[in-house]
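Remember, it's 1-based here, ligands and their atoms both numbered in the order they're listed. Small disclaimer: the values here were computed from a predicted structure and weren't measured.
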Amino acid sequence: MKQLKQDIIQYANEIGIQKIGFASADPFLELKARLEVAVKEDVLTGFEHPNIDERVYPDLIFDAPRSIIAIALAYPSKMKEEPVSRKEARRGVFSRASWGTDYHTVLREKLAKLETFITELVPEARFKSMVDTGELSDVAVAERAGLGWRGKNTLLISPEFGSFIYLGEMVTNLPLAPDKPMGDLCGDCNKCVEACPTGSLLGEGKMNPKICLSYLSQTKGFLDEKYRDVLHNRLYGCDTCQVVCPYNRGHDFHFHEAMEPDPELVKPELKPLLSISNKEFKAKFGPMAGSWRGKKPIQRNAIIVLARYKDKTAVPELIRCMTEDTRPVIRGTAAWALGKIGGEEAKEALQKAHDEDKEVLAEIMRAKNLIGIR
Ligand code: SF4
Ligand code: SF4
């Protein structure tokens, strides 16, 4: 098994996996305690795997697991030729985890290659691979496998690559010797907690994900007004607690062609997003991780960002959204944006505005207040 482990490590290096580690398949009891508190405090988002026991006990999801192999792939933090957001052609941003081809695809390919390689050496080997949406916690597995530590921003930080890394793992029946977890290297630093725009990070690795912009930017309903200003220019996700982390300073890795961002897609102009068809959205943004919730959250966020910029050239398009769009979230958010942007044209449209939907009507009233009409 010692030689097998060495062979796996060498092959992983050959296929461009930046870090690989090995963990026992014992229950994740520390995670269980954390999840139970989260349930009690009602701070789970619903994006997580719903069965806590399956997240904690590997033997509930795999017959006789003996170890878990964890991998990490580093991704870029800077794009080449970043487009400038100009007046009248304002742009929003997708977080780095959405740059390039959807990372789930890239990691699954690597894990599949590893499975094939190991099966050639050990035909009786069995695996269950997962990335992000599987039962197990990627961070908990990677931490136990010694890839890094769970920082106060709740992400895995590797000393060499920082936190701009994607994680994946495979449970196996092979008894591979576990690596040692590393200690917490955050020390006295508290930069991420201080920089978080919504107070989602509570210190000591605790978090309320329900008010994290990364989660909020992916919701499909109305965005609570108190988070609209702090959304800043985000269309999808939030990188703030990673950008400020000293362990990411100076890091910008370009190991994988598939992870290279198309600047026009990850920092797109906002106005054209408001009228993009489903077909066009799918063709342009479909391969990115940030499109998984469809175009509605992205369009809602684009409207909020346009309001923040007070882009008057967006007013005609926002009036069209308010009066013609079939989705209440878009109509209501557009009404609010018109109130924020102001001006005669917006005022006139709001004066005439009416809607059957209660939530939209509430947004129209809010907009009228903002613009100073009744
Ligand atoms: Fe806060 Fe943004 Fe990090 Fe969420 S992703 S915890 S909002 S800094
Ligand atoms: Fe840890 Fe500081 Fe990085 Fe937060 S910013 S994860 S506290 S090192």
### Query
Where is the nearest protein heavy atom to atom 2 (Fe) of ligand 1: which residue, which atom, and how far?
C238 SG, 2.2 Å
### Task
Report yes or no: does T119 contribute a side-chain atom to a donor-acceptor pair with the main-chain N or O of E115 at less than 3.5 Å?
yes
### Message
Using modelled atom types and a 3.5 Å cut-off, is there a donor and acceptor pairing between side-chain atoms of Y247 and backbone atoms of L185?
### Response
yes
### Task
Output yes if C241 passes the N/O/S-under-2.8 Å test against atom 1 (Fe) of ligand 1; output no otherwise.
no
### Query
Would you say the side-chain atoms of R327 and Q299 include a donor-acceptor pair closer than 3.5 Å?
yes
### Message
Can a donor-acceptor pair be found, under 3.5 Å and without considering hydrogens, that links the side chain of N51 to the backbone of E54?
### Response
yes
### Summary
Residues pairing under salt bridge (charged side-chain N to carboxylate O under 4.0 Å, His left out) where one sits in residues 131-144, two or more places apart or in two chains, turn out to be K128-E135
#### Entry: Nearest protein heavy atom with distance in Å, relative to atom 7 (S) of ligand 1
L213 N, 3.2 Å
### Query
According to the interplanar angle, ranging from 0 to 90°, do the rings of Y75 and Y166 count as parallel (below 30°), tilted (30 to 60°) or perpendicular (above 60°)?
parallel
### Query
How far is atom 4 (Fe) of ligand 1 from its nearest protein heavy atom, and which residue and atom is that?
C212 SG, 2.3 Å
### Message
Need the ligand 1 atom indices (1-based, order shown) with element for anything under 4.0 Å from a heavy-atom of T240.
### Response
8 (S)
### Message
My understanding is that we take every heavy atom of each candidate and find the minimum distance to atom 1 (Fe) of ligand 1. Doing that for S217, C196, G237, which one comes out nearest?
### Response
C196
### Query
How would you list, by chain and number, every residue that makes a side chain to side chain contact (heavy atoms under 4.5 Å, CB included) with Q3, sequence neighbours excluded?
Q6, D7
#### Entry: Selection from V230, L155, L201 by shortest heavy-atom distance to atom 6 (S) of ligand 1
L201
### Task
Would you list the protein N, O or S atoms within less than 2.8 Å of atom 2 (Fe) of ligand 2, leaving out water?
C189 SG
### Query
For M207, is the nearest heavy atom under 4.0 Å from an atom of ligand 1?
yes
### Message
With a heavy-atom distance limit of 4.0 Å, tell me whether L185 approaches ligand 2 through its side chain, its backbone, both, or neither.
### Response
neither
### Message
Within a 6.0 Å radius of atom NZ on K368, are there more than 12 heavy atoms belonging to other residues, nucleotides or ligands?
### Response
yes
## Note on the structure
The complete set of salt bridge (charged side-chain N to carboxylate O under 4.0 Å, His left out) pairs with one or both residues in residues 328-338, sequence neighbours excluded, reads R331-D355
### Message
Students often mix this up, so state it plainly: with edges at 30° and 60°, are the rings of F94 and F285 parallel, tilted or perpendicular?
### Response
parallel
